[in-house]
Amino acid sequence: MKLRLHINILTASFQTLFLCSLFQLNVQGQTITVSNAGIFYVDSGATVAVKGHWVNKSSADLVNNGNLWLTGNLLNDESNMRTGIGTLQLSGTSLQTLSGAAPFFTFHLTTDNPAGIKLLNNLNVSGQHRFVKGIISTTDRLLIYGPQSSYTDATDQRHVNGWVRKQGTVNMIFPVGDSTVLRPITINQLAQYSEFDARYYRPTSNHTRVTYPLVSVNANEYWVVNKNAGTNAQVVLNWDNARVVFPFTTLTDMRGSYYSTDSWV
């Protein structure tokens, strides 16, 4: 085994490193940046705790079968990254970003940052995602749940403000909201492998443009759901007047609608 370990005050660089127990980088009063340009293997049961940033170079081969715990930003340029069977834990106290030229893959994910996590790159989860603290925000990138993935503990204080993708044949309640409220939307009855994206917005765009027999549209909120591949699904909408005010409507007069050709239909 070759091991090259070089630590400056602000930078730690590795060529080949196999970790079997606990490895921690922390310089008192400083922010560490770990730059991985070679093989970095975290064995099952091992923990890599970095109180700072992680840079995964294009030449890197990162395999996390243990626990990779970061308090800083994560930048990934490694293409064709292997998922492993471990957990990525983002546990900072200031906003953490995930960026880079290539999407990051993890088996399990724990998000525990009250200041939030911003996705500037796609983050793929194959196992279980545990929301602990903070909002995950995205603009044009996605939090992607694989065919066997799931999540727990989404609330008003911890959910995704942005795009969420679900792959596979399992029903999905998307943990989406707008950083203030969790407003999930559900897809059911998938007959084959499919891929759907969802996002929540408020207020409603162009809510006065309606097509008969509609006479009005809820001006306060709406969702976007896109089918990228696979079968059709049953989409389940909901309202929660305690979170977002819902206009008074007789149940027999209520309909679902979608935006098409500059009008709600």
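Of the possible polar contacts, none joining the T97 side chain to the S99 backbone as a donor-acceptor pair under 3.5 Å is found. Between the side chain of N241 and the main chain of F246, a donor-acceptor pair closer than 3.5 Å is present. When atom types are taken as modelled, the side chain of D112 and the backbone of V132 share no donor-acceptor pair closer than 3.5 angstrom. Side chain of T204 to backbone of N218: a donor-acceptor contact under 3.5 angstrom is found. A donor-acceptor contact shorter than 3.5 Å is absent between the side chain of N188 and the backbone of Q234. Counting only distance, with no hydrogens or angles, the side chain of Q167 and the backbone of Y193 share no donor-acceptor pair below 3.5 Å. One N or O on the side chain of S194 and one on the backbone of Q192 form a donor-acceptor pair closer than 3.5 Å. Not one N or O on the side chain of D61 forms a donor-acceptor pair closer than 3.5 Å with the backbone of G38. A distance-only check finds no donor-acceptor pair linking the side chain of Q128 to the backbone of L109 [under 3.5 Å]. T71 contributes a side-chain N or O that, together with a main-chain N or O of G52, makes up a donor-acceptor pair within less than 3.5 Å.
Remark: of the listed residues L123, N73, L90, L90 is the sole one forming a side-chain contact (heavy atoms from CB on, under 4.5 Å) with I117. Across V245, D178, D240, V244, a single residue satisfies side-chain contact (heavy atoms from CB on, under 4.5 Å) together with E221, and that is V244. Of the residues R141, R165, K166, the one that meets the salt bridge (Lys or Arg N to Asp or Glu O under 4.0 Å) test with D197 is R165.
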Please evaluate residues T106 and N124 with respect to the criterion side-chain contact (heavy atoms from CB on, under 4.5 Å), reporting the C-alpha separation (whole Å), side-chain torsions for both, the decisive distance (0.1 Å), and the verdict. CA-CA 6 Å; T106 183; N124 295 259; over 6 Å; no

side-chain contact (heavy atoms from CB on, under 4.5 Å) assessment of R209 paired with Y259: CA-CA 9 Å; R209 298 178 181 176; Y259 198 72; 3.8 Å; yes

Run Y151 and F131 through side-chain contact (heavy atoms from CB on, under 4.5 Å) and show every step you take. CA-CA 7 Å; Y151 68 87; F131 287 94; 3.9 Å; yes

Kindly indicate, with the supporting measurements, whether the criterion side-chain hydrogen bond (donor to acceptor under 3.5 Å, both in side chains) is fulfilled by N64 and R82. CA-CA 8 Å; N64 178 23; R82 290 182 284 174; over 6 Å; no

Go through it in stages, so that I can follow the logic: the residues are W69 and T110, the test is side-chain contact (heavy atoms from CB on, under 4.5 Å), and I'd like the CA-CA distance, side-chain angles, deciding distance and then a yes or no. CA-CA 9 Å; W69 181 88; T110 299; over 6 Å; no

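Side-chain atoms of Q89 and S91 form a donor-acceptor pair, as typed in the model, at a separation below 3.5 Å.
Side-chain contact check for L214 versus S257: some heavy-atom pair is nearer than 4.5 Å. Residues Y200 and V224 are not in side-chain contact: their nearest non-hydrogen atoms beyond the backbone lie 4.5 Å or more apart. Two residues are said to be in side-chain contact when any heavy atoms from C-beta on lie closer than 4.5 Å; W239 and M254 meet this criterion. Using a 4.5 Å cut-off on side-chain heavy atoms (C-beta onward), P175 and Y145 make contact. Using a 4.5 Å heavy-atom threshold, the side chains of V42 and N65 count as separate. With a 4.5 Å cut-off on side-chain heavy atoms, M81 and L62 count as touching. Residues R158 and K133 are not in side-chain contact: their nearest non-hydrogen atoms beyond the backbone lie 4.5 Å or more apart. Counting heavy atoms from C-beta outward, P203 and N220 have side chains that stay 4.5 Å or more apart.
Taking CG of L70 as the start and CG of N113 as the end, the distance is 11.5 Å to the nearest 0.5 Å. Atoms CD1 and CD, on I136 and Q96 in that order, are 10.5 Å from each other to the nearest 0.5 Å.
A pairwise comparison of heavy atoms in A198 and V176 identifies O-CG1, 4.0 Å as the closest pair. Heavy-atom minimum distance, D77 versus A101: OD1-N, 2.8 Å. The heavy-atom pair separating H108 from I85 by the smallest distance is CD2-O, 4.3 Å. V265 approaches T211 most closely through the heavy-atom pair CG2-OG1, 4.1 Å. In plain terms, the two heavy atoms of T139 and W163 that are nearest each other are O-CD1, 3.3 Å. Pairing each heavy atom of V236 with each of I185, the nearest pair is O-CG1, 3.5 Å.
In this structure, L120 places its CG atom where more than 12 heavy-atom neighbours from other residues, nucleotides or ligands lie under 6.0 Å away. By the 6.0 Å contact criterion, CZ on R130 is open, its count of non-hydrogen atoms from other residues, nucleotides or ligands being 12 or less.
Using cut-offs of 30° and 60° for the angle between ring planes, the Y222 and W264 rings count as perpendicular.
Under the 6.0 Å cut-off for aromatic ring centres, W54 and F40 qualify, their centroids lying closer than that.
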